[in-house]
Amino acid sequence: MRSIDKNDHIYDYIIAGAGASGLSLLWNMLQSDKLRSKSILLVDLNFTPVNDKTWCFWDNSNIPFEELIYHTWSNLEVSALSNSMNEDLSRYKYYCIRSVDYSEKILSLAEKSGNVTLMESKIYDFKTDENLGVIATDYGNFKAKHIFQSALKPPGLQKEKLDISLKQHFLGWEIETRKNLFDPDKAIFMDFDISQSNGLSFFYSLPFSKTKALIEYTIFSSDVLTDEQYEFELIKYLKTKFNLESNDYSIIRREKGVIPMEDRRYPFMYCNYVYNMGTAGGLTKPTTGYTFTRIQKHSREIVNALEKETAIPKQRASTYRFRIYDIMLLSILDQQDDISVQIFHDLFKHNSFDRILQFLEEGTHLGQELKIFSTLPYTPFFKSIWKMKHRIFTGA
Ligand SMILES: Cc1cc2nc3c(=O)[nH]c(=O)nc-3n(C[C@H](O)[C@H](O)[C@H](O)COP(=O)(O)OP(=O)(O)OC[C@H]3O[C@@H](n4cnc5c(N)ncnc54)[C@H](O)[C@@H]3O)c2cc1C
């Protein structure tokens with residue numbers, strides 16, 4: 001690790017934000033024979049790894065750090081309309097990485113390398129100065145030909161077309177029970193058989209052992225709840241689903257978050273020479289909130305471009321076809337809570353879980369997608385096509 005030299009204001013690359021996307025990019029740079037000796041400035045408010053996020057995903061083809069996988073499930077369960085459906089996955093598995101392990105691993109590699117400078121500072125803004133990007137920090141301004149940022153919302157965001165702005169918001173507890181209760185091989189992916197009074201809501205449950213699991217209450221709606229409201233539902237669920245009273249378990253960790261579910265496109269650049277990544281780069285799939293796999297793919301694409309000295313590819317998180325599907329489903333989620341549970345029910349009832357995950361990962365072809373749609377109620381989709389026609393027929 002290099003120390004901060006105030007006279008050394010120009011770096012080859014600056015990575016602003018050391019979360020999932022910043023560290024993924026850094027990791028890919030450090031793996032590259034061509035890039036690993038470049039001077040890199042990594043800036044974040046804080047570099048102390050925290051156990052505050054579990055990133056789950058099912059397509060591991062873009063995940064370079066398999067040794068970081070904390071747990072794997074091969075069976076998923078979905079419940080809706082009092083129907084419980086579960087399946088052994090064959091094409092995929094459901095994986096989880098803890099943010100604490102991810103940060104520890106990549107930051108320790110950065111510290112060992114001679115060319116990465118770690119700077120703990122607030123990031124205030126970015127601008128362009130002739131042919132360089134500039135980052136404003138507590139230690140002054142620093143420049144690079146390429147700045148990759150995941151810390152600030154891009155300024156052009158407000159100008160992008162926006163019809164639907166929902167949030168995926170959640171609060172979960174990792175609990176330890178006194179008795180063996182969970183099957184560590186089986187995750188509850190979505191359980192809609194709960195009260196829907198706060199908006200489209202479901203629980204998921206990720207067991208890490210027979211006595212430890214992360215149980216999370218998730219809602220798709222416009223307004224977040226108070227902690228007491230999430231916790232009220234958590235306590236109720238632990239009682240009804242697992243027959244757990246408060247003295248049967250201890251809470252060992254809390255996880256809380258809000259993920260945007262919006263139909264707007266995110267600008268590719270913050271300003272010249274400053275590229276957006278991660279959530280700030282619009283990589284979140286609007287209908288599911290899944291971002292982690294896309295982040296890994298995007299970092300690889302950036303590093304390939306830097307190695308070849310070609311232009312940084314404009315990330316298009318989804319093709320037009322999948323954007324249309326997302327816009328249609330978002331419009332249904334926004335308008336018709338009651339039918340949304342029916343759609344999830346029919347989706348999982350009539351299609352294999354592997355195919356659904358492949359579809360959510362945007363890896364299916366049109367024929368497979370039409371087959372999936374044929375199992376869902378048509379009317380809400382026709383209504384959403386009508387409602388969103390101004391987007392669908394103008395490039396989305
Ligand atoms: C609790 C939680 C669980 C999630 N689980 C999943 C999941 O299971 N699967 C999935 O695919 N996606 C998941 N997501 C969505 C997404 O993958 C994560 O949000 C992911 O962390 C996004 O990566 P990022 O790099 O864009 O942002 P972050 O990981 O949030 O990184 C941004 C970094 O910028 C820093 N920063 C911000 N502002 C400043 C500033 N002004 N100055 C300096 N530094 C700053 C922050 O400290 C942070 O380190 C989850 C999100 C949350 C919140």
Side-chain angles (χ1 to χ4, degrees), residues 14-28 41-60 62-63 69-71 73 94-100 102-104 106-107 110 118-126 135-139 142 147-154 167-174 187 189-190 204-206 214 216-218 224 230 253-261 266 270 275-299 302 315 317 357 360-362:
I14 295 175
I15 300 178
S21 59
L23 290 182
S24 165
L25 181 63
L26 180 65
W27 192 88
N28 278 285
L41 174 66
L42 180 68
V43 190
D44 200 291
L45 285 169
N46 195 321
F47 288 114
T48 311
V50 202
N51 191 6
D52 64 345
K53 286 181 191 142
T54 33
W55 289 306
C56 291
F57 53 93
W58 51 89
D59 179 358
N60 72 343
N62 283 298
I63 309 297
I69 290 174
Y70 179 64
H71 201 88
W73 298 271
Y94 198 53
Y95 304 99
C96 140
I97 287 181
R98 302 190 310 172
S99 56
V100 63
Y102 184 86
S103 305
E104 259 167 26
I106 301 172
L107 289 173
L118 269 57
M119 183 196 285
E120 276 191 352
S121 161
K122 184 166 176 176
I123 297 160
Y124 293 92
D125 200 5
F126 302 95
I135 179 173
T137 73
D138 291 328
Y139 298 93
F142 296 84
I147 298 183
F148 300 98
Q149 83 86 18
S150 53
L152 305 185
K153 275 195 178 175
K167 297 181 181 79
Q168 176 177 155
H169 48 107
F170 47 89
L171 191 148
W173 286 343
E174 190 172 328
F189 190 58
M190 293 175 129
Y204 65 82
S205 163
L206 305 176
L214 173 65
E216 208 146 289
Y217 177 47
T218 306
V224 298
Y230 296 110
R253 192 175 72 83
R254 228 166 148 264
E255 178 168 311
K256 191 178 169 190
V258 180
I259 304 177
M261 299 177 77
Y266 276 56
Y270 191 99
Y275 304 87
N276 301 319
M277 293 189 304
T279 304
L283 288 192
T284 299
K285 184 163 170 75
T287 45
T288 63
Y290 285 100
T291 321
F292 191 74
T293 311
R294 292 169 171 223
I295 284 175
Q296 307 309 328
K297 186 162 171 274
H298 188 217
S299 329
I302 293 174
Q315 85 278 16
L357 295 180
L360 296 179
E361 204 59 54
E362 308 190 351

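Order of listing sets the numbers, starting from 1, for every ligand and every atom in it.
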What part of [X] sits under 4.0 Å from ligand 1 if we count only heavy atoms: the side chain, the backbone, both or neither?
{"X": "Thr293", "value": "neither"}
{"X": "Ser121", "value": "backbone"}
{"X": "Leu283", "value": "neither"}
{"X": "Phe57", "value": "neither"}
{"X": "Lys256", "value": "backbone"}
{"X": "Thr284", "value": "neither"}
{"X": "Ala18", "value": "backbone"}

Short list, please: which atoms of ligand 1 are under 4.0 Å from a heavy atom of [X]?
{"X": "Ile295", "result": "22 (C), 23 (O)"}
{"X": "Leu152", "result": "41 (N)"}
{"X": "Lys122", "result": "42 (N)"}
{"X": "Gly278", "result": "26 (O)"}
{"X": "Gly17", "result": "33 (C), 34 (O)"}
{"X": "Gly289", "result": "12 (N), 15 (C)"}

Of all the non-hydrogen atoms in the protein, which one sits nearest to [atom], and at what distance?
{"atom": "atom 32 (C) of ligand 1", "value": "Ser150 O, 3.6 Å"}
{"atom": "atom 53 (C) of ligand 1", "value": "Lys53 CE, 3.7 Å"}
{"atom": "atom 45 (C) of ligand 1", "value": "Ala151 CB, 3.7 Å"}
{"atom": "atom 31 (O) of ligand 1", "value": "Gly19 CA, 3.2 Å"}
{"atom": "atom 49 (O) of ligand 1", "value": "Asp44 OD2, 2.6 Å"}
{"atom": "atom 9 (N) of ligand 1", "value": "Cys56 O, 3.0 Å"}
{"atom": "atom 19 (O) of ligand 1", "value": "Thr279 OG1, 4.1 Å"}
{"atom": "atom 51 (C) of ligand 1", "value": "Ile259 CD1, 3.7 Å"}

Does an N or O from [X], backbone or side chain, lie closer than 3.5 Å to an N or O of ligand 1?
{"X": "Ile123", "value": "yes"}
{"X": "Tyr290", "value": "no"}
{"X": "Phe292", "value": "yes"}
{"X": "Thr54", "value": "yes"}
{"X": "Met277", "value": "no"}
{"X": "Thr291", "value": "yes"}
{"X": "Ala280", "value": "no"}
{"X": "Ser21", "value": "yes"}

Report yes if some heavy atom in the side chain of [X] is under 4.5 Å from a heavy atom in the side chain of [Y]; otherwise report no.
{"X": "Leu42", "Y": "Leu23", "result": "yes"}
{"X": "Leu360", "Y": "Tyr290", "result": "no"}
{"X": "Thr54", "Y": "His71", "result": "no"}
{"X": "Leu206", "Y": "Tyr94", "result": "yes"}
{"X": "Arg254", "Y": "Leu171", "result": "yes"}
{"X": "Phe126", "Y": "Ile135", "result": "yes"}
{"X": "Leu152", "Y": "Tyr124", "result": "no"}
{"X": "Tyr266", "Y": "Thr284", "result": "no"}

Determine whether any heavy atom of Tyr124 lies closer than 4.0 Å to an atom of ligand 1.
->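 Under 4.0 Å: no for Tyr124.
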
For ligand 1, is Val258 a contact, meaning one of its heavy atoms is under 4.0 Å away?
->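 Val258 does not count as a contact of ligand 1 under the 4.0 Å cut-off.
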
To the nearest 0.5 Å, how far apart are [atom1] in [X] and [atom2] in [Y]?
{"X": "Gln168", "Y": "Thr288", "atom1": "CD", "atom2": "OG1", "answer": "7.0 Å"}
{"X": "Ile147", "Y": "Asn276", "atom1": "CD1", "atom2": "CG", "answer": "11.5 Å"}
{"X": "Trp73", "Y": "Cys96", "atom1": "CH2", "atom2": "SG", "answer": "4.0 Å"}
{"X": "Phe292", "Y": "Ser24", "atom1": "CZ", "atom2": "OG", "answer": "7.0 Å"}
{"X": "Met119", "Y": "Phe142", "atom1": "CE", "atom2": "CZ", "answer": "3.5 Å"}

salt_bridge(Arg294, Glu362) N-O dist < 4.0 Å |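 Judged by the 4.0 Å cut-off on N to carboxylate O distance, Arg294 and Glu362 do form a salt bridge.
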
Test item: [X] side-chain N/O and [Y] main-chain N/O as donor-acceptor pair under 3.5 Å:
{"X": "Asp138", "Y": "Lys122", "answer": "yes"}
{"X": "Glu255", "Y": "Glu174", "answer": "no"}
{"X": "Arg253", "Y": "Asn51", "answer": "yes"}
{"X": "Ser99", "Y": "Val50", "answer": "yes"}
{"X": "Thr287", "Y": "Lys285", "answer": "no"}

Considering only protein heavy atoms, determine whether one is less than 4.0 Å from atom 29 (O) of ligand 1.
-> yes

Shortest reach to atom 6 (C) of ligand 1 by a heavy atom, considering only Phe47, Trp58, Trp55 | Trp55

